[in-house]
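These numbers were taken from a predicted model, which means no experiment stands behind them. Position 1 is the first residue of the sequence; numbering continues from there.
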Amino acid sequence: METDVDAFLRRLAQGLRPRVNPSADAVLRGIRGELPELWEYEDLATVMLEETAGHMTAFLDMLEHGLDAAEVELPAPALEVARGSARRGIPLRKLLRAFRLAHMTLLQQIQAEAARLTADWRLVNDVTMRLITMGFAYVDRSSEYVVAAYQKERDRRLQWRLMLTDAASRRIGSTLDITRTAQELAEVGTEDFADLVTVDLLDAVLHEDGPPPPPAAEPLLRRIAQLPAHDGALPVAPGRTHTYPTESEPARALATGLPLLRHQTASHAPGFRSVLLLPLQARGNTLGLVQFFRARTAAPFDDDDLHLAQEIAARAAVSIDNARRCTHERLTALTLQRTLLPRHTVEQSAVEAASRYLPSGARAGVGGDWYDVIPLSGARVALVVGDVVGRGLHAAATMGRLRTAVRAFADIDLMPDELLTHLDDVVIRLQREEGRSDGELSATCVYAIYDPVSRRCSLASAGHVLPALRTPPAAEDGRPAPGTVTFPEMPIGPPLGLGGFPFETTQFELPEGSLLALYTDGLIQSRSRDVDTARTVLRDVLTRAPESPDEVCDELLATLLPDRPADDVALLVARTRALDPAHVATLDLPSDPAAVAGARAFATDRLTAWGLEELSFTTELMVSELVTNAIRYGKGPIQLRLILQSTLTCEVFDTSSTAPHMRRARTFDEGGRGLLLVAQLAERWGTRHNREGKVIWAEQPLPA
């Protein structure tokens, strides 16, 4: 039986239908100020108007005919907008936010029209409740529709990127000829990617056997390759030398080593719509510049294109450098060593870290010392220092392989002792691959994990020297007291590569502001003094050390190594921070599907308290999916934890050791899309296991 609400909704829909296009235009104007990046592309903005009008028509059909969301045919332009957004690298969360804002604006328009048509506040209230219910149903269905189209297009573009990257890896660098390698780069770049590609190399690269000098203010370059070869839009012909003006964008890219993406390049290259300028860099050296141009008839380059071009250019740069790499092993090993070590301080907020690498002055060559700072899930951080036994190019290359392995194992959140066990297997496998006897290829490593929430440090050593720890000064009777420097009492496992021996993890709490110094034995070993004396000097320096880890590194090296060291030295100093308890929210949950609603409400309340209401929608979705996953497939007890730091982290713990995985749900499957949705909404997500169970976590960036 038709109710007053049904009749009123039908009347509303009939009255609003003639005004769909003006209303759609008003809706888009309302959200343009919130999300201006969606209007950067004219073709996409045009389709969005058609899409918005289509959504409004579909929703009015629901109101007028009393239809369910599943019975309404969604507008085809919505697929085009989703695919266009995916092609241009617009994040899915922004697209969904625009959709929610548009829907909210539409509801406001309908409510205003309802209030104009009747003064019966009870009827208006009933109509509003019905509108909200129908609106959420429509948003849920259409969001799934948009997400599926977006992901399909992203998968297609990913496949295309993989094919182009594979072609670059196979075809670029087929010979040790610089000109041929540059020509191969241009050939790959002009196949379904760019309309014009130019490759310029520093003239010094073509004539020097050693490492190329840093680019001058106006370095001399030679056009090595260009496709099409005779394009009249560019003033430089292939094979000719030339320079770029100091203030020009190519000169800036060469000087800074940073890639540039520019649109509207009429002054730089008439007839082209956008250009990518990428310095060719290999092993820390700038070799030249590659430029990719697109004509005005093609879609402009976007950030995804920039990343792809960087991959291709990076491969080409390595191949070009291989063609002119110097034959002196020490210089090559040193270049490789510095390239493999972290070149910039990684962004994380658990510790304030500083590092130093000092190559040896010995003629035997560079060793295999390394350090690393690796952000982990849950606001934690891993600190690593290691040393490959031996010197020269092989030691440096082995160091790079082990550092990569450590990062891979850290990415799956292994405990320190478990990580060293796996790293031990890697070294043994390298021994077998290289035909070395047991123990001939060896390394030492110390691996620490610091958690700013619990202030707990977990530490394990594989034959490596013990780190030094300075706790902050404690006040006694109102007077400051000096900090305490200790070397943690902990078992030291065997060096990597022996196999069959266990490693142990030691855990201890660190007061906020503690100083942890990890180093290789080159810092304390010397022919002029024994190790015990060096450790005493190390303790004295740390006792009076300044607050800044950078200054601590400088003072340690200046005091312990006044002259060029006989062995390589890697030094990593970290000052710990503690996370404000008010930035951590924890909720214990029963293993009951009814608890999901409470988890969503808990997350929304906490985000409101933190002033992060605009993340509520995506966080609710992720919490719902992760908690549902834990209840359905995990084991109780279940715990939800939200961590506010440099990012917003959502964690769900359960006692099951079964690892979740994404799968591709078929069209008519009722489930299987939860982790896919989490992966789309989160900036990063993953799983970590501990001795009690597992944690599934997802991170979101904070609003600007």
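A side-chain donor-acceptor contact under 3.5 Å links Trp610 to the backbone of Ala582. Checked by atom type and distance alone, the side chain of Thr618 pairs as donor or acceptor with a backbone atom of Leu615 at under 3.5 Å. Listed for the Ser624 side chain is no donor-acceptor partner under 3.5 Å among the backbone atoms of Glu620. Thr576 places a side-chain N or O within donor-acceptor distance of the main-chain N or O of Pro511, the cut-off being under 3.5 Å. A donor-acceptor contact shorter than 3.5 Å is absent between the side chain of Ser514 and the backbone of Leu510. With hydrogens and angles disregarded, no donor-acceptor distance shorter than 3.5 Å links the side chain of Thr647 to the backbone of Thr649. A distance-only check finds a donor-acceptor pair linking the side chain of Asp305 to the backbone of Asp302 [under 3.5 Å]. A donor-acceptor pair under 3.5 Å is absent between the side-chain atoms of Asp372 and the main chain of Ile374, judged by distance alone.
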(Q) If you apply the rule side-chain contact (heavy atoms from CB on, under 4.5 Å), what do you find for Ile449 with Leu459, and how did you get there? (A) CA-CA 7 Å; Ile449 296 177; Leu459 187 68; over 6 Å; no
Q: Given side-chain contact (heavy atoms from CB on, under 4.5 Å), test Glu504 with Asp417 step by step and report yes or no.
A: CA-CA 5 Å; Glu504 295 184 43; Asp417 57 320; 5.7 Å; no
Q) Would Asp588 and Ile638 satisfy side-chain contact (heavy atoms from CB on, under 4.5 Å), going step by step from the backbone distance to the final call? A) CA-CA 6 Å; Asp588 294 321; Ile638 297 170; over 6 Å; no
Q: Could you walk me through whether Arg470 and Arg575 pass side-chain contact (heavy atoms from CB on, under 4.5 Å), step by step?
A: CA-CA 9 Å; Arg470 192 193 82 173; Arg575 183 177 300 282; 4.0 Å; yes
Q: Show your reasoning for whether side-chain hydrogen bond (donor to acceptor under 3.5 Å, both in side chains) applies to Glu692 and Thr655.
A: CA-CA 6 Å; Glu692 292 78 30; Thr655 56; over 6 Å; no
Q: Kindly indicate, with the supporting measurements, whether the criterion salt bridge (charged side-chain N to carboxylate O under 4.0 Å, His left out) is fulfilled by Asp304 and Arg154.
A: CA-CA 11 Å; Asp304 282 348; Arg154 290 291 293 177; 2.6 Å; yes
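Between Glu625 and Asn629, the side chains place no donor N or O within less than 3.5 Å of an acceptor N or O (distance only, hydrogens not considered). Side-chain contact annotation: Thr608 with Glu613, donor-acceptor N/O pair under 3.5 Å absent. Inspection of the Ser377 and Arg688 side chains reveals an N or O donor paired with an N or O acceptor under 3.5 Å.
Side-chain contact check for Arg93 versus Pro701: some heavy-atom pair is nearer than 4.5 Å. At a threshold of 4.5 Å between non-hydrogen side-chain atoms, the residues Val584 and Leu579 count as touching. Looking only at side-chain heavy atoms (C-beta outward), Asp413 and Trp697 come within less than 4.5 Å of each other. Contact check for Thr586 versus Leu640: no side-chain heavy atoms found under the 4.5 Å cut-off. For the pair Arg641/Val453, a side-chain contact is recorded, criterion being any heavy-atom separation below 4.5 Å from C-beta on. Within the 4.5 Å cutoff, the side chain of Val446 has no heavy atoms near those of the Val384 side chain. Tyr450 is listed as a side-chain neighbour of Val351, based on a closest heavy-atom distance under 4.5 Å. Proximity of Leu612 to Pro703: side-chain heavy atoms (C-beta onward) are separated by under 4.5 Å at one or more points.
The minimum heavy-atom distance linking Gln507 with Met415 is given by the pair NE2-CE, 3.7 Å. A pairwise comparison of heavy atoms in Ala698 and Val678 identifies CB-CG1, 4.0 Å as the closest pair. The two residues Ala574 and Leu383 have their closest heavy-atom pair at CB-CD1, 3.8 Å. Between Trp685 and Ala679, the shortest heavy-atom contact is NE1-CB, 3.4 Å. Annotation for Leu681 and Gln700: closest pair O-CG, 4.5 Å, computed over non-hydrogen atoms. The two residues Gly634 and Lys694 have their closest heavy-atom pair at CA-NZ, 4.5 Å.
Atoms CZ and NE2, from Arg606 and His583 in turn, are 10.0 Å apart once rounded to the nearest 0.5 Å. In this structure, CZ on Arg600 lies 7.5 Å from OG1 on Thr628, to the nearest 0.5 angstrom.
Atom CZ of Arg407 has more than 12 heavy atoms from other residues, nucleotides or ligands within 6.0 Å. The 12-atom threshold is exceeded at CZ of Phe508, counting heavy atoms of other residues, nucleotides or ligands nearer than 6.0 Å.
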